[in-house]
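I'd like to ask some things about the structure below.
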Amino acid sequence: MGHPATQEAAALLDQAERVVVFTGAGMSAESGVPTFRDALTGLWQRFDAQALATPEAFRADPALVWGWYEWRRHAVQQAQPNAGHRAVAAIEARVPNTVLVTQNVDDLHERAGSANPVHLHGSLFAPRCSACAHPASTPYGEADEPTDGPVPPPRCARCAADIRPGVVWFGEALPTAALEAAVEAASSCDLLVTVGTSGLVYPAAEIPQVAARLGATVIQVNPEETPLDRVATVNLRGPAARVLPALVEAAWGDTDQVPDESPGDA
Ligand code: BJW
Ligand code: ZN
């Protein structure tokens, strides 16, 4: 027997036929990946994440911005999916119409067994040319050392312009296919579970609102209040790695339908 709100959310999950799971940086917090607004630790502390994640910042100082993303890519590669990522994969395994929409640029959902997350804000693992968009390979040298400071970006093999991270910066359009898939899923789901997002960054923050407006139930998982509280039917206040497995357990009992990543597979 869990908390009453967990029981209520579990009943909603068990009844749902079309589920959207919508995730943000808090999803990966317990894997040791800092949230976006906490992303600047160590040497990076004196910078402002919101100011670094822009095309203007990259144009002004490509090595600073590329170095920051290389450092974050390394951190993600060292991290492991947590029990929350595995619970999301368990929901997908249990409810076949589930669509996973993530704002995260890490690959922890994939590594927890989610086959096809919709990445609204791109990926740390899909660099491309800043001029001609030609995809570049990643990582640059498998055994590269973690960076901690500016690193000049590599050059495009086709046109020699700077390679840039394959993420969506402030002021840039989201990838059309991903945004369309997310809106379509949110428009046709009966339950949306929003996890670990501040709900501050648009247009992604519209996704739970679209679902709610069209009649879906919204469950929110977040230790803090957010602007999405008012569209949520149930607010589960707590960390994703604890709340999501408890939710899946309360709905269906077995949380271990999806195998863990094999040890030493970092
Ligand atoms: C836990 C937890 C645990 C902690 N368990 N939870 C005014 C109104 C509307 C829009 C705008 C506006 N002014 C400007 C805009 C536009 C702008 C925007 O929204 N700005 C806002 C800041 C106001 N948006 C854009 O610019 C977007 N593009 C756009 O609008 O284009 C228009 C256009 C159209 C056509 C042509 C051209 C242009 C693009 C937005 C791109 C966002 N990109 C980033 C960076 C990606 C790369 C990178 O990572 O460096 O995406 S920003 C950053 O925010 C990142 C995230 O995906 C995104 C969302 O953050 P998220 O995931 O919510 O994380 P946090 O850190 O904010 O919150 C963490 C949460 O977790 C907290 O709530 C914690 O409590 C919780 N938590 N521990 C569960 N254990
Ligand atoms: Zn190029």
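Just follow the structure's listing: the first ligand is 1, and inside any ligand the first atom is 1.
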Query raised in the report: Quick one: does Asn104's side chain have a donor or acceptor within less than 3.5 Å of a partner on Asp106's backbone?
Result: no
Query raised in the report: In the protein, which heavy atom is nearest to atom 59 (C) of ligand 1, and how far is it?
Result: Gln103 OE1, 3.3 Å
Report summary line: Of all heavy-atom pairs linking Trp66 and Pro127, the shortest is CH2-CB, 4.0 Å
Report task. List the closest protein heavy-atom neighbour of atom 51 (O) of ligand 1: residue, atom name, distance to the nearest 0.1 Å. Result -> His121 ND1, 3.1 Å
**Report entry** atom 74 (C) of ligand 1: nearest protein contact (heavy atom, Å)
**Finding:** Asn222 OD1, 3.6 Å
Query raised in the report: Can you find a protein heavy atom closer to atom 28 (N) of ligand 1 than 4.0 Å?
Result: yes
Query raised in the report: Is the Zn ion (ligand 2) under 2.8 Å from any N, O or S atom of Cys156?
Result: yes
Requested in this report: With heavy atoms only and a cut-off of under 4.0 Å, state how Val105 meets ligand 1: side chain, backbone, both or neither.
Outcome: side chain
Query raised in the report: Does any N/O atom on Glu224 come nearer than 3.5 Å to any N/O atom on ligand 1?
Result: no
Query - Value rounded to 0.5 Å, distance of CG in Leu236 from NE2 in His3 - result: 8.5 Å
Query - Protein contact of atom 43 (N) of ligand 1 - nearest heavy atom, named by residue and atom, plus distance - result: Val168 O, 2.8 Å
Query - Protein heavy atom under 4.0 Å of atom 15 (C) of ligand 1 - result: no
Report summary line: With heavy atoms and a 4.0 Å threshold, my read on which part of Glu172 contacts ligand 1 is backbone
Requested in this report: Nearest 0.5 Å please: distance from the CZ atom of Phe22 over to the CG atom of Leu228.
Outcome: 7.5 Å
Query raised in the report: Any sub-3.5 Å donor-acceptor pair from Arg128's side-chain atoms to Ala133's backbone N or O?
Result: no
Report task. Flag Phe36 as yes when one of its N or O atoms lies below 3.5 Å from any N or O atom of ligand 1, and as no otherwise. Result -> yes
**Report entry** Short N or O distance, Pro239 and ligand 1, threshold 3.5 Å exclusive
**Finding:** no
Requested in this report: Count the heavy atoms of every other residue, nucleotide or ligand shown that sit under 6.0 Å from CD of Glu56, and state whether that count exceeds 12.
Outcome: yes
Report task. Answer yes if the side chains of His85 and Ser28 hold a donor-acceptor pair under 3.5 Å, and no otherwise. Result -> yes
Query raised in the report: Which is closest to atom 47 (C) of ligand 1 in terms of heavy atoms, Trp68, Tyr69, Phe22?
Result: Tyr69
Query - Arg72 neighbourhood, listing ligand 1 atoms whose heavy-atom distance to it stays under 4.0 Å - result: 48 (C), 49 (O), 50 (O)
Query raised in the report: So is there a nitrogen or oxygen of Thr226 less than 3.5 Å from a nitrogen or oxygen in ligand 1?
Result: no
Query raised in the report: For ligand 1, is there an N or O atom under 3.5 Å from any N or O atom of Val221?
Result: no
**Report entry** Protein non-hydrogen atom found under 4.0 Å from atom 11 (C) of ligand 1
**Finding:** no
Requested in this report: Just let me know how Trp169 lines up against ligand 1, side chain, backbone, both or neither, with a heavy-atom cut-off below 4.0 Å.
Outcome: backbone
Requested in this report: Using heavy-atom distances, let me know which of Ala173, Ser31, Pro34, Ala49 sits nearest atom 33 (C) of ligand 1.
Outcome: Ala173
Report summary line: Going by the 4.0 angstrom heavy-atom rule, the piece of Thr197 near ligand 1 is both
Query raised in the report: Under the 3.5 angstrom rule, does the side chain of Thr233 hit a backbone N or O of Thr217 as a donor-acceptor pair?
Result: no
Report task. With heavy atoms under 4.0 Å as the rule, classify the contact between Leu52 and ligand 1 as side chain, backbone, both or neither. Result -> neither
Query raised in the report: Does the protein put any heavy atom within less than 4.0 Å of atom 21 (C) of ligand 1?
Result: yes
Query raised in the report: How about Glu17 and Asn97: does a side-chain donor come under 3.5 Å of a side-chain acceptor?
Result: no
Query raised in the report: So which protein heavy atom does atom 8 (C) of ligand 1 come closest to, and at what separation?
Result: Tyr202 CD1, 4.8 Å
Report task. Compute the minimum heavy-atom distance from Gln50 to ligand 1 and say whether it is under 4.0 Å. Result -> yes
Query raised in the report: Does the N or O separation between Asn104 and ligand 1 drop below 3.5 Å for any pair?
Result: no
Query raised in the report: Quick check: does Ala25 get an N/O under 3.5 Å from an N/O on ligand 1?
Result: yes
Report summary line: Residue, atom and distance of the protein heavy atom nearest atom 70 (C) of ligand 1 read Gly196 O, 3.4 Å
Query raised in the report: Nearest to atom 52 (S) of ligand 1, what protein heavy atom do you find, and at what distance?
Result: Phe170 CZ, 3.4 Å
Query raised in the report: Which residue and non-hydrogen atom of the protein lie closest to atom 3 (C) of ligand 1, and at what distance in Å?
Result: Gly26 O, 3.3 Å
